[in-house]
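Note sheet for the following structure.
Quantities reported herein were computed from a predicted structural model and do not represent experimental measurements.
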Amino acid sequence: MNLKDKKVFLTRPYKVVYKDGNRIIKVFTKEHGKANVFNEALCQARVEESGLDIPKVLEVTQIDGEWAVVIEYVEGRTLEQLMQENPEKMEEYMEKFVDLQLSMHEKKAPRLTLQKDKFARKIESVKDKLDATVRYELLTRLDSMPNHTKLCHGDFNPSNVIVAEDGTMKIVDWAHATQGNASGDAAITYLEFALKDQKTADLYLNLFCRKSDTAKQYVQKWLPIAAAAQLTKGVKDEEEFLLRWADIIDFQ
């Protein structure tokens with residue numbers, strides 16, 4: 001496959017995304033690893049089985065020695081773009097965003113990794129950032145949280161929601177999908193908003209808790225767990241913020 005005549009759609013540190021007609025081609029660097037590429041395709045394929053309307057995986061292939069995933073292209077703009085361009089509509093957009101997340105949480109994907117297992121692995125892997133005492137407290141709290149099997153995205157934010165001209169929305173980028181607790185998923189979304197703007201994060205959390213009939217304190221119990229797990233991304237600009245939230249002593 002020749003990518004020279006394909007339009008570069010998106011660039012990230014470990015991948016370049018091309019548009020090829022009605023397909024998206026994600027080409028990953030060798031550093032990302034073959035297993036990670038196949039895992040992303042497998043996660044998305046398992047989410048397809050839930051019945052949720054998402055872009056379908058078409059193939060996994062190699063292009064010039066690098067692994068690539070080919071996915072259906074979804075026409076539209078990201079919800080993040082619309083929020084930035086129309087700040088006066090933020091509450092309207094956020095209502096729809098939360099409704100979409102809740103509709104996702106109603107689905108089941110029983111062959112996905114368990115959310116609590118994934119959180120635990122991530123917490124154990126940040127020994128260079130969190131000492132044994134903090135990790136123990138985080139893992140103890142995680143173990144005490146209820147076991148659910150709802151479909152969770154793991155990176156649900158407005159940049160991963162495509163809005164068509166008719167207003168319909170589709171969720172993309174399922175690499176971090178798990179089955180687990182909706183409030184754990186919401187905690188990740190809250191932190192991603194809070195990294196950029198606390199007011200927007202509070203709007204999101206208020207709407208999520210009201211629409212799902214969830215106590216705000218319950219989502220907040222997940223925040224240190226989610227923050228510790230997010231440290232595995234290794235983004236230096238986010239580290240200080242996440243370390244503050246991962247300090248479980250503040251949330252006892």
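Ala228 and Ile123 make their closest contact through CB-CG1, 4.0 Å (heavy atoms, listed as atom of the first residue, atom of the second, distance). Across all non-hydrogen atoms, the minimal contact from Trp245 to Ala227 is CB-CB, 3.6 Å. Taking every heavy atom of both residues into account, Leu142 and Ala120 meet most closely at CD2-N, 3.6 Å. For the residue pair Pro158 and Met83, the shortest heavy atom distance occurs at CG-SD, 3.7 Å. Between Arg141 and Gln220, the closest heavy-atom pair is NH1-O, 4.5 Å. Across all non-hydrogen atoms, the minimal contact from Val74 to Pro55 is CG2-CG, 3.2 Å.
In the hydrophobic clustering of this structure, Tyr73 does not group with Trp174; members are Ile, Leu, Val, Met, Phe, Trp, Tyr whose side-chain heavy atoms approach within less than 4.5 Å, directly or through other members. Linking Ile, Leu, Val, Met, Phe, Trp and Tyr whenever their side-chain heavy atoms come within less than 4.5 Å puts Leu58 and Ile25 in one cluster. Taken together through direct or relayed side-chain contacts under 4.5 Å among Ile, Leu, Val, Met, Phe, Trp and Tyr, Leu207 and Trp222 form part of one hydrophobic cluster.
When atom types are taken as modelled, the side chain of Asp155 and the backbone of Ala175 share no donor-acceptor pair closer than 3.5 angstrom. When atom types are taken as modelled, the side chain of Glu85 and the backbone of Leu82 share no donor-acceptor pair closer than 3.5 angstrom. Looking only at distances, no side-chain donor or acceptor of Asp143 sits under 3.5 Å from a matching main-chain atom of Leu139. A donor-acceptor pair under 3.5 Å is formed between the side chain of Glu48 and the backbone N or O of Val57. Listed for the Ser212 side chain is a donor-acceptor partner under 3.5 Å among the backbone atoms of Phe208. The main-chain N or O of Leu223 is never found under 3.5 Å from a side-chain atom of Lys221 such that the two would form a donor-acceptor pair. Judged by distance alone, with hydrogens and angles left aside, the side-chain atoms of Asp131 form a donor-acceptor pair with the main-chain N or O of Val134 at under 3.5 Å. Side-chain atoms of Thr178 never come within 3.5 Å of backbone atoms of Gly180 as a donor-acceptor pair (strictly under, hydrogens ignored). One N or O on the side chain of Glu72 and one on the backbone of Lys56 form a donor-acceptor pair closer than 3.5 Å. A donor-acceptor pair under 3.5 Å is absent between the side-chain atoms of Arg23 and the main chain of Val70, judged by distance alone.
Residue pairs meeting the salt bridge (Lys or Arg N to Asp or Glu O under 4.0 Å) criterion with at least one partner in residues 168-183, sequence neighbours excluded, are Lys26-Asp173, Asp53-Lys170.
No close placement of the Tyr18 and Phe9 rings is indicated, their centers lying 6.0 Å or farther apart. Between Trp67 and Phe38, the gap from one ring centroid to the other is short of 6.0 Å. Two rings, from Phe97 and Phe156, have their centers less than 6.0 Å apart.
The closest side-chain heavy-atom distance from His176 to His153 is not below 4.5 Å.
The number of heavy atoms from other shown groups lying within 6.0 Å of CZ (Arg77) is above 12. Under a cut-off of 6.0 angstrom, the local environment of CG in Asp213 is sparse, with at most 12 non-hydrogen atoms contributed by other residues, nucleotides or ligands.
In this structure, a donor-acceptor pair under 3.5 Å is present between the side chains of Lys116 and Asn147. Lys108 and Thr149 share a donor-acceptor pair across their side chains, judged by distance under 3.5 Å alone. A donor-acceptor contact under 3.5 angstrom links the side chains of Gln198 and Asp202, judged on distance only. Checked by atom type, the side-chain pair Asp185/His105 shows a donor-acceptor distance below 3.5 Å. Counted by atom type alone, Tyr204 and Asn157 present zero donor-acceptor pairs between their side chains at under 3.5 Å.
Scanning for side-chain contact (heavy atoms from CB on, under 4.5 Å) contacts around Asn39 gives Cys43, with sequence neighbours left out.
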